[in-house]
2 protein chains.
Amino acid sequence: MDRLAKCPANYVPLTPLTFIKRASMVYSDRTSVIHAGVSFTWLQTYDRCCRLAYSLRSLGVVKNDVVSVLAPNIPALYEMHFAVPMAGAVLNAINTRLDAKNIATILHHSEAKVFFIDYEYVPLASEALRMLMAFLEDTSSTEYAMPLVIVIDDIDKPTGVRLGSLEYEHLIQHGNPRYLGEDVEDEWDSIALNYTSGTTSEPKGVVYSHRGAFLSTMSLIQGWEMTTEAVYLWSLPMFHCNGWTFTWGVAARGGTNVCIRNTTAKEMYKSIYQHKVTHMCCAPIVFNIILEAKPHERYEIATKVNILTGGAPPPAPLLEKMEDLGFHITHAYGLTEATGPALVCEWQTNWNQLPKDRQARLKARQGVGILTLADVDVKNKDTMESVPRNGVTMGEIVLRGSSIMKGYLKDEKETAKAFQNGWFLTGDVGVIYPDGYVEIKDRSKDVIISGGENISSVELESILFKHPNILEAAVVAMPHPRWGETPCAFVVLRRSGTTTETDIMAYCRKKMSKFMVPKKVEFVKELPKTGTGKVLKVELRKIAKTLQISENTSTNNKRSDQKESNFNEDKVLVMSRL
Amino acid sequence: MDRLAKCPANYVPLTPLTFIKRASMVYSDRTSVIHAGVSFTWLQTYDRCCRLAYSLRSLGVVKNDVVSVLAPNIPALYEMHFAVPMAGAVLNAINTRLDAKNIATILHHSEAKVFFIDYEYVPLASEALRMLMAFLEDTSSTEYAMPLVIVIDDIDKPTGVRLGSLEYEHLIQHGNPRYLGEDVEDEWDSIALNYTSGTTSEPKGVVYSHRGAFLSTMSLIQGWEMTTEAVYLWSLPMFHCNGWTFTWGVAARGGTNVCIRNTTAKEMYKSIYQHKVTHMCCAPIVFNIILEAKPHERYEIATKVNILTGGAPPPAPLLEKMEDLGFHITHAYGLTEATGPALVCEWQTNWNQLPKDRQARLKARQGVGILTLADVDVKNKDTMESVPRNGVTMGEIVLRGSSIMKGYLKDEKETAKAFQNGWFLTGDVGVIYPDGYVEIKDRSKDVIISGGENISSVELESILFKHPNILEAAVVAMPHPRWGETPCAFVVLRRSGTTTETDIMAYCRKKMSKFMVPKKVEFVKELPKTGTGKVLKVELRKIAKTLQISENTSTNNKRSDQKESNFNEDKVLVMSRL
């Protein structure tokens, strides 16, 4: 039994690259990518990937080199998900919402050898490159040189914007379509590098293996029941965990990628209508964009659109409104370190018989582990014992399985902290129900401990969200002389709303246990956010420390008036924990 | 990039055992298995598997021990697919249609440590055990002792049949439900051993790894788009490639296994009706059983039933009749060595617009590689070059990927023959179309596929050779209206011999499994041969096509009459090349 050895016929490294090769044969004539006036078939996309991979090799890219890219959801970024690993290199898709300093930090930390820049981002990237150069000069670094810069011009309507001499389509044209890519020698080899903004100060570089990417992709198209010939709308940025692995997943299913540059209401409605979109991923904030679209931005939604969403659980009325419009929502939870979603709220048919609000509560849970995840658990942080499955006792969500990251690039300390006792510690706090479904209660750091009681800021926020005049809310701990900590709510009101602190506190008292009611409500025009759209609670905590507890005050009318004037919804950021 | 090491949190061996553990949590209350008057939930099935695994360990079973079982599609055989590997052992499900001699050979070759026997098969198994004991005494073998025998009584209506003191339910009762099974240390560890009748005289033991089984399962539930909560009817024997991996697959999807002892028309119709079956696998021969059912055997088919079928492509009219009844058929191709189906005829939506007969022709092709197969090709046997993708040029179908077997147990020579130049050689001849779909043109020449069972002509010939009056014999396939193919024997008698067709058939019935007996014996003066003395089977096949099956010549009218009145569908063989 033991004498049967591995050989090239029966042990082939797992890699998402098999998906594109297979797609080029099996789905050769099907549409692979649509973007504005341009579209490709799978045979063409594969051909372009082979050419690009060849050109990268010609430019000196070798195994384990990092190829960075700063681009929105355009065909080039999609192609690079295959072409870069075909060249043996590691794809680093940078969040386009970061500032120049962060981008420079990432280029430096990753030692990017090549830097692709979408034409729209040339000014931002130039600034980042200037900062990087200044930094290299300051430190007289000899280890790392500046990256080779390649601009990606608009494929539909070329603009002529350049930064240096190289352009993406030029590389495609001069590539060799017969180049089949480097062999993946070991499935543990790296395929992608994604920086998490995290809530800590320095971004961390999360490295995925070919194996992890392959398995996560397989699990997600399965867990979401993404059928063959799916039409996938890129409302989720590809730079988020490689589009939650659906960059590779759409190729696996022979689907069609609908790439849009901006996730505006009009672009989304139009794409859904024109291309009969069947699947899309997004943060719950996108629901607001869809629901609040103006009449002239709307197109008919004739087919069912499946949405996979992550982050804060959307409130029941929002879910219902979306479902009424023709969207079918599946809730998920994940994080960059887990190659995207790790839990999916798999629907159980017998739930269909339950009342709508009960269904919404079940649907809002983050769910069960995807198929390739070996195990999920919720553990007491101190004892590392599993918490009882009662839907009440909170603990840290821990994961293990081959879809978990290899580790943090050049950061042994953080890697060691993340992996403990055979588990990956998510840092998120949740409960587990008797049926095995997990629900997130909070980020560890975001738990408010008031008079010895744990208060989940997420829970509090979800109640605030249901207030008709509240557009956004974030709750953090503020110091309290008696209780240690108490919740402080930062609230953005709707344009139309006029509400006082007293109103909100009264509303809260009706909806939650008394100890949970925020002792301070602060009205703001917008919430401070990271480039990925995560609320910067660390900033809010700083502000909260300076505030007075307003248990008996009522001076808030003025503030809420201010707010009404010029709330800019365009700035609503599209992301979640993922 | 290279310094990030594997650890227990991010590198967990792939194994189908994660499916049952996950099912016990996520689908705890859903029905896992239904059989006659008995049914279990996933929590119960997992509990029973833990208990059985514990009992096996208690009985001395250790890593890599072979646990053989001779049983139809009953819950016990299903449970053993998890419990045996949980105990670290290797499951060997034996074809119940084999004769005692073949079973004895398998027990001996596999060095089975435990032998589970369904109560109905106690007489057959006893004979096999007697033969094994006689053989061991003859050879004074000290290396291998007789296996421990455990009878599986009927779980619904216990019969009291025993062979020795041990009974299956007894082991379950005395097991420990808290035993979680042995850790899979390496995903390359063996999980199952399946004997193929193959083309040579000796059966070959095909060994699967945990990795291969896991990946093949993932691919097949995907390629067939088997959704969650599927209700799966066990019309395909679990002893065929572990039920084409759907033993594990149904657990992965939280589906329900409907186990039936016999694949009679009535049992199938009744199960489909009562349990709202959504999926089943079978050889095309089962279509006949379904279509020829008597009115009193039929139940209404209200829901769409997806059928995955293998082997000879069903003719277009048969397909249409099945579809009219409510079945949706997907064609596949595989073999034991590929852990079940390796190609699936994935449907393309644009085919829906084609005329029915064109659709049937497309559907009859064996299809494209499943997702975890790294590559499929058709190669010229001599040059090993890929044949052109024109649907005309024939070559050998070759496969590579992690779902291919580890190799043949204790048979280095055959293993080496199967793996050449980085490919697994299927021995089957096919063409590849411009769209990448493969169609089989000819089975590996010496295999006769009768009612889905492989019959080795070499094996049959070697038995014929032993007849005192036979000088030479060659066996080829001849077409058969019911079985697809049936063996036709060309015999050259010794000068002295006078022997009739009936004599030879009677002789065969004593020497081999019933389904192997030639339905036609043709006496010839000499066999057509090549210059080097090899029998020209291609010529014999041409002749065989023109011959009448002798079932209708002598004593066979009665048989076919019988068939009409009480056709014994119990004996209908449900298999394919798979």
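Below, chains carry the letters A, B, ... as their sequence lines are ordered, and counting in each starts from 1.
- The local environment of CG in B/Asp29 is sparse, with at most 12 non-hydrogen atoms from other residues, nucleotides or ligands closer than 6.0 Å.
- If you tally non-hydrogen atom pairs under 4.5 Å between each of B/Leu371, B/Val207, B/Val368, B/Leu399 and chain A, the highest count goes to B/Leu371.
- Only the backbone of A/Asp435 comes within contact range of chain B, judged by heavy atoms closer than 4.5 Å.
- Both the backbone and the side chain of A/Ser219 have a heavy atom closer than 4.5 Å to some heavy atom of chain B.
- Contact of A/Ala5 with chain B is made through the backbone alone, with heavy-atom distances under 4.5 Å.
- Side-chain N or O atoms of A/Glu229 include none that pairs as donor or acceptor with a backbone N or O of B/Gln348 at under 3.5 Å.
- To the nearest 0.5 Å, atoms OG1 (B/Thr228) and CH2 (A/Trp347) are separated by 13.0 Å.
- Of the residues considered (A/Arg389, A/Lys410, A/Glu346), A/Glu346 shows the highest number of contacts with chain B, using heavy-atom pairs under 4.5 Å.
- Checked by atom type and distance alone, the side chain of B/Thr18 never pairs as donor or acceptor with a backbone atom of A/Ala374 at under 3.5 Å.
- With chain A as partner, the option from B/Glu412, B/Lys406, B/Met226 having the largest number of non-hydrogen pairs under 4.5 angstrom is B/Lys406.
- Heavy-atom contacts from other residues, nucleotides or ligands closer than 6.0 Å to NZ of A/Lys63 number more than 12.
- Interface summary for chain A: among B/Asn10, B/Ile221, B/Ile404, B/Leu4, the most heavy-atom pairs under 4.5 angstrom belong to B/Asn10.
- Ranked by heavy-atom pairs under 4.5 Å with chain A, the first of B/Gly212, B/Ser403, B/Ser190, B/Gly401 is B/Gly401.
- Checked for salt-bridge contact, A/Arg22 and B/Asp375 miss the test: no charged N lies under 4.0 Å from a carboxylate O.
- Note on A/Tyr11, A/Tyr408, A/Phe424: by heavy-atom pairs under 4.5 Å with chain B, the leading option is A/Tyr11.
- Between chain A and the options B/Ala252, B/Gly407, B/Pro8, B/Ser402, the largest number of non-hydrogen pairs under 4.5 Å is found for B/Ser402.
- For A/Val398, no part lies near chain B; criterion is any non-hydrogen pair under 4.5 Å.
- Of the inter-residue distances, the one linking A/Gln222 atom CD with B/Arg253 atom CZ reads 4.5 Å to the nearest 0.5 angstrom.
- Contact tally against chain A (heavy-atom pairs below 4.5 Å) for B/Gly436, B/Pro13, B/Ser28, B/Gly369: the top residue is B/Gly369.
- At a 4.5 Å heavy-atom cutoff, A/Ile432 makes no contact with chain B through either its backbone or its side chain.
- Looking at B/Ile370, the atoms closer than 4.5 Å to chain A (heavy atoms on both sides) all sit in the backbone: N, CA, C or O.
- When A/Lys21, A/Arg30, A/Arg3, A/Met405 are compared by the number of non-hydrogen pairs under 4.5 Å with chain B, A/Arg30 comes out ahead.
- For B/Asp183, the CG atom sits in a loose shell: 12 or fewer heavy atoms of surrounding residues, nucleotides or ligands are nearer than 6.0 Å.
- Comparing A/Tyr437, A/Trp423, A/Tyr27 by heavy-atom pairs within less than 4.5 Å of chain B, the highest count is held by A/Tyr27.
- Considering CG of B/Leu14 and CG of A/Leu215, their distance stands at 5.5 Å, rounded to 0.5 Å.
- Around atom NZ of A/Lys276, no more than 12 heavy atoms belonging to other residues, nucleotides or ligands sit under 6.0 Å away.
- A salt bridge links B/Glu187 to A/Arg211: at least one charged side-chain nitrogen sits closer than 4.0 Å to a carboxylate oxygen.
- Side-chain atoms of B/Glu225 do not come within 3.5 Å of backbone N or O of A/Thr227 as any donor-acceptor pair.
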Checklist entry - Should B/Val376 and A/Met25 be marked as a side chain to side chain contact (heavy atoms under 4.5 Å, CB included) after you check the CA-CA gap, both sets of side-chain angles, and the distance that decides it? => result CA-CA 11 Å; B/Val376 187; A/Met25 289 192 287; over 6 Å; no
